[in-house]
Amino acid sequence: MIKNIWVPALLRVVLGIIFLAHGISKFQMGLGNVEAWFSSMSVPGFMAYVAAIAEVVGGILLIIGLFTRVVSALFIVLMIGAIVTVKLSAGLLGHDQVAGYELELSLILISVYLLASGPAALSADHFIFKKRSKVQ
């Protein structure tokens, strides 16, 4: 019971909190500054806005468990993009003052689990789709 109810919910909520915190951090730094930082790494500047909004909105949605699969897929794409465009050259563990991509890889794996497992018992998805299937 613990494995089937609490673990997926814990993974989902913690992943949501992590992405929400990263999104809020981007807004606090100022999206113009984040845009300049992205541009300095040859990432299109508009992606700063996309990433910040996706992280905040997606993080909130994951915390409440709404659209879990869609948000998880979005986060997989974001993290693959971060690895390929920024982190890959630093390697898995990084070097000197440059972080590696171990965090992004971990976030991808949690997102893959949530994408594959679908709505957990303790999620808005479960309650909404469970009610829909009973009505039909």
Side-chain angles (χ1 to χ4, degrees):
M1 180 170 159
I2 289 174
K3 181 177 89 174
N4 294 333
I5 293 176
W6 293 105
V7 172
L10 182 62
L11 287 172
R12 190 191 74 244
V13 169
V14 169
L15 186 66
I17 291 169
I18 290 169
F19 274 102
L20 178 61
H22 278 267
I24 289 171
S25 173
K26 285 177 178 62
F27 280 101
Q28 289 175 335
M29 286 189 283
L31 289 179
N33 294 330
V34 178
E35 180 181 6
W37 178 56
F38 274 39
S39 295
S40 74
M41 296 180 293
S42 300
V43 176
F46 76 90
M47 287 302 297
Y49 299 91
V50 172
I53 292 168
E55 289 171 355
V56 169
V57 173
I60 292 168
L61 290 174
L62 276 187
I63 291 167
I64 62 176
L66 189 59
F67 304 119
T68 301
R69 283 187 160 154
V70 173
V71 173
S72 296
L74 172 67
F75 286 163
I76 291 167
V77 171
L78 281 175
M79 292 299 96
I80 290 172
I83 290 171
V84 170
T85 60
V86 178
K87 301 285 188 114
L88 195 60
S89 62
L92 179 66
L93 300 177
H95 54 79
D96 298 326
Q97 303 243 345
V98 179
Y101 58 86
E102 71 275 8
L103 173 63
E104 289 78 7
L105 187 60
S106 299
L107 298 177
I108 287 171
L109 292 175
I110 295 169
S111 296
V112 166
Y113 172 81
L114 294 174
L115 177 64
S117 66
L122 296 175
S123 69
D125 285 335
H126 178 75
F127 293 111
I128 291 169
F129 295 117
K130 183 178 175 185
K131 287 181 182 180
R132 278 192 189 164
S133 63
K134 284 184 179 180
V135 172
Q136 294 174 353

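All residue numbers in this chain count up from 1 along the given sequence.
Here the straight-line distance linking atom CD of E55 with atom CD1 of I18 works out to 11.5 Å at 0.5 Å rounding. Atom CG of L15 and atom CG of L114 lie 6.0 Å apart (nearest 0.5 Å). In this structure, M41 CE and S89 OG are separated by 10.5 Å, a value rounded to the nearest 0.5 Å. Here the CG-CG distance, from L92 to L105, works out to 7.0 Å after rounding to the nearest 0.5 Å. For the atom pair CG of L115 and CD1 of I76, the computed distance is 5.0 Å after rounding to the nearest 0.5 Å.
Residues K26 and L31 form a side-chain contact, since some pair of their non-hydrogen atoms from C-beta on lies under 4.5 Å apart. Put simply, the side chain of I128 reaches to within 4.5 Å of the side chain of L66, judged on heavy atoms. Between T85 and S42 there is no side-chain heavy-atom pair separated by less than 4.5 Å. With a 4.5 Å cut-off on side-chain heavy atoms, I17 and L62 do not count as touching. Contact annotation: the side chain of Y113 approaches that of P8 to within less than 4.5 Å [non-hydrogen atoms, C-beta and beyond].
V50 and L20 sit in two unconnected hydrophobic clusters of ILVMFWY residues. Membership requires side-chain heavy atoms under 4.5 Å apart, directly or through other members. Neither V71 nor L109 shares a network with the other; the hydrophobic side chains, linked directly or stepwise wherever heavy atoms of I, L, V, M, F, W or Y lie under 4.5 Å apart, form separate groups for each. Two different hydrophobic clusters hold V98 and L103 under the rule that ILVMFWY side chains link at heavy-atom gaps under 4.5 Å. V84 and F46 sit in two unconnected hydrophobic clusters of ILVMFWY residues. Membership requires side-chain heavy atoms under 4.5 Å apart, directly or through other members.
Closest approach of S123 to A120, counting heavy atoms only: OG-O, 2.8 Å. In terms of heavy atoms, E104 sits closest to M79 at CG-SD, 3.7 Å. Pairing each heavy atom of L122 with each of I5, the nearest pair is CD1-CG2, 3.4 Å. Closest non-hydrogen pair, G100 versus A90, comes out as CA-CB, 4.4 Å. Of all the heavy atoms in L74 and A54, the pair that sits closest is CD2-CB, 3.8 Å. Counting all heavy atoms, side chain and backbone alike, V34 lies closest to A48 at CG1-CB, 3.6 Å.
Formation of a donor-acceptor pair under 3.5 Å by the R12 side chain with backbone atoms of T68 is not found in this model. A distance-only check finds no donor-acceptor pair linking the side chain of S25 to the backbone of A21 [under 3.5 Å]. One N or O on the side chain of S40 and one on the backbone of W37 form a donor-acceptor pair closer than 3.5 Å.
Within 6.0 Å of atom CZ in F38, more than 12 heavy atoms from other residues, nucleotides or ligands are found, so the atom counts as buried in its surroundings.
Partners of F19 by ring-ring contact (aromatic ring centres under 6.0 Å, His included), not counting sequence neighbours, listed by chain and number: F75. Under the salt bridge (Lys or Arg N to Asp or Glu O under 4.0 Å) criterion, E35 pairs with no residue, sequence neighbours left out.
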